[in-house]
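One structure below.
Position 1 is the first residue of the sequence, and the numbers go up from there.
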Amino acid sequence: MLATGCATSGPSERLGTLSADLLIRGGTVYPGGAEPFGGDVAISDDRIIAVGPSLQIAAKRVIDASGMIIAPGFIDPHTHMQPWLTSAEAHTRVLEPFLLQGVTTAFIGNDGGGPIEVGALLDSASARPVGVNYAVFTGFGTIRSKVIGNARQTPTDGELAKEQALVHKAMCEGAIGISTGLFYAPQSFSKTDEVIALAAVAGAMGGIYDTHLRDESNYNIGLSAAVDEAIRIARESGIAVHISHIKALGVDVQGSAPEIVGKIEAARAEGLAITASQYPWSASGTSLVASLVPLWAQDGGRIAMVERFDDAQQTERLRAGIADNLRRRGGAGALLIVEGDWSGQRLREVAEALSTDPVTVAVTIIRRADPAVISFNMDEADIAAFMRQPWVMTGSDASPKHPRTYGSFARKYDLYTRQERILSLQQFIDSSSATTADFFHLEGRGHLRPGAFADVVIFNPEAYSSLATYQNPDVPATGVRTVIVNGRIAVDDGKVTGLAAGRALRHQPPAGSCD
């Protein structure tokens, strides 16, 4: 029977002539990218100094990991946790939901929403300590809005040069790359050539292109063509491409995962660096506008969109577009409103309560606000097909009102590794640590080996699971016993210590590229 916790010793325990601050002893070590073994991990200051079976090392503190899994701290390549990182509240910046899943590093600025002033965001960690390490993408949406605004138009040569200059500036300040959310207006108004021109700047400086595809369904060009576009961007710009939260969204594209996997495999065989991340949920999280309002109606921003609702000549076309998008999403019963007056109810339930149709309800709500929704629109066979790929990493797309913030890594282990056996335990751990660190060039992260930063998670393989649900999304995961961030204990015996030992991870462009 496996142990249920990690006991710790009292005074220092002498085990040999070497010494360490921490010795994790007697667990099953998954070092990241290599076979597991029974053994120990020794840590001094912020680094791992030894990994192996039966280490003869003296330690100030010994953590008994009998029956536990010892793994590299998990890395989340797609989150929306910037408000937490920059909060004035110290307890918020500890990022408890992430730590209690074993996440020690996370990325922000995804979906094209990353800042231009990357340096200021990275510098803020020194004044306001954070609980996990973080890297920052600059955002295409932020840059395009600053230079062009919200209009559907192609940049002039001068505007394109300004956009490229802003990418260069952000990369020099430490951005890990550039992110896009090509499905979302005004980014959706761009053409591929514009994106390639900006991606090439980031790629020349060692950055990664992270993308929410132009279409994950068949809203505009379709999922297959959107993947083709990402591959084209990789080929023509020379940048490494990462497809965020890969999925086949909606009734019209369910079952297409094998085709998409084939496209990406062919591109990788060609020599292109293309990977993806995935959250282990069958429901996505977005807003009511993004789910239902046709992109043409979002041209010019919210004010222009609402004016179109009042234009009798456009009303019929708008309602038809909303109705089709609702069908695409699986109907009014597939949209759960999780914010505002109708929070906790499906769109169908609201329509029935008001004795009207779902399209009318959607229009009424959107006139007042754009609430968050959870959209049940993915097929389990597609989820499994993507998850099995060695180039698909674990990610959360962490955002409010969705259980993926509190439970993605734990759910992937408990449901898809332990119960369904879609992945082996090593595959789960590697896809949550080493694979991510290696692709994004996070030196010293994602592996348990001498010289690496001491980011470590110890979890109980019989208890590690997600407790968050769609109805109660903010329930912490269970089963993580110890988390160490840069050599400091952030979770001890299953409880967050309050230590904020995370660091800002600043990308270093090639020498001379910022002169």
Side-chain angles (χ1 to χ4, degrees), residues 46-47 75 77 105-110 112-127 133-148 155-180 190 192-211 230-242 268 270-275 435-447 451-453 486 502-515:
D46 65 346
R47 302 278 180 160
I75 302 169
T105 300
F107 297 173
I108 59 176
N110 305 86
I116 297 170
E117 305 296 334
V118 170
L121 185 52
L122 291 167
D123 290 342
S124 68
S126 60
N133 307 306
Y134 67 97
V136 183
F137 287 101
T138 191
F140 175 50
T142 309
I143 290 170
R144 195 176 207 273
S145 294
K146 181 178 179 64
V147 175
I148 300 174
T156 64
D157 290 346
E159 289 170 335
L160 184 61
K162 288 179 181 178
E163 289 182 321
Q164 290 176 308
L166 290 175
V167 174
H168 184 269
K169 174 183 183 294
M171 293 299 301
C172 287
E173 292 185 4
I176 196 171
I178 182 171
S179 75
T180 66
S190 67
T192 309
D193 287 343
E194 178 185 355
V195 181
I196 290 171
L198 273 61
V201 174
M205 302 177 75
I208 306 293
Y209 174 81
D210 174 84
T211 183
I231 293 170
R232 178 188 165 194
I233 291 167
R235 184 181 294 117
E236 296 187 20
S237 71
I239 199 169
V241 167
H242 183 74
R268 287 170 58 86
E270 180 186 331
L272 300 178
I274 300 179
T275 60
T435 302
T436 313
D438 293 349
F439 180 77
F440 286 98
H441 309 298
L442 302 182
E443 297 298 330
R445 312 280 175 185
H447 297 269
F453 289 100
N486 294 310
R503 297 175 181 172
L505 305 183
R506 192 183 300 268
H507 172 68
Q508 296 295 328
S513 59
C514 295
D515 294 344

Closest contact, heavy atoms only, [X] versus [Y]:
{"X": "E443", "Y": "F453", "answer": "O-CE1, 3.8 Å"}
{"X": "T142", "Y": "G114", "answer": "OG1-O, 2.7 Å"}
{"X": "V241", "Y": "F439", "answer": "O-CZ, 3.6 Å"}
{"X": "S513", "Y": "C172", "answer": "O-SG, 4.4 Å"}
{"X": "R235", "Y": "L272", "answer": "CA-CD2, 3.8 Å"}
{"X": "A504", "Y": "L122", "answer": "CB-O, 3.2 Å"}

Check the side chains of T105 and N133 for a donor-acceptor pair under 3.5 angstrom, ignoring hydrogens and angles.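 N133 vs T105: donor-acceptor pair found between side chains.
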
Under 4.5 Å between any side-chain heavy atoms of [X] and [Y], yes or no?
{"X": "F107", "Y": "S179", "answer": "no"}
{"X": "L121", "Y": "I108", "answer": "yes"}
{"X": "L505", "Y": "R445", "answer": "yes"}
{"X": "T192", "Y": "I233", "answer": "yes"}
{"X": "V201", "Y": "I178", "answer": "no"}
{"X": "V195", "Y": "E236", "answer": "no"}

Determine, step by step, whether H447 and D438 satisfy the side-chain contact (heavy atoms from CB on, under 4.5 Å) criterion, reporting the C-alpha distance in whole Å, the side-chain angles of both residues, the deciding distance to 0.1 Å, and the verdict. CA-CA 9 Å; H447 297 269; D438 293 349; 2.9 Å; yes

Which pairs with one or both residues in residues 505-515 pass salt bridge (charged side-chain N to carboxylate O under 4.0 Å, His left out), sequence neighbours excluded?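 Matches after skipping sequence neighbours: D123-R506.
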
Tell me, with the steps shown, if L166 and T138 meet side-chain contact (heavy atoms from CB on, under 4.5 Å). CA-CA 9 Å; L166 290 175; T138 191; over 6 Å; no

List the steps and the verdict of side-chain contact (heavy atoms from CB on, under 4.5 Å) for I231 and I274. CA-CA 8 Å; I231 293 170; I274 300 179; 3.7 Å; yes

Enclosure of K169 NZ (heavy-atom neighbours >12, cutoff 6.0 Å):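 Counting other residues, nucleotides and ligands, NZ of K169 exceeds 12 neighbours.
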
From [X] atom [atom1] to [Y] atom [atom2], the distance as rounded to the nearest 0.5 Å:
{"X": "I239", "Y": "T211", "atom1": "CD1", "atom2": "OG1", "value": "11.0 Å"}
{"X": "H242", "Y": "N110", "atom1": "NE2", "atom2": "CG", "value": "8.0 Å"}
{"X": "Y209", "Y": "L198", "atom1": "OH", "atom2": "CG", "value": "10.0 Å"}
{"X": "H168", "Y": "C514", "atom1": "NE2", "atom2": "SG", "value": "5.0 Å"}
{"X": "H507", "Y": "F137", "atom1": "NE2", "atom2": "CZ", "value": "11.0 Å"}
{"X": "E163", "Y": "I116", "atom1": "CD", "atom2": "CD1", "value": "9.5 Å"}

Between V118 and M171, does a side-chain contact (heavy atoms from CB on, under 4.5 Å) hold up when you go through it step by step? CA-CA 8 Å; V118 170; M171 293 299 301; over 6 Å; no

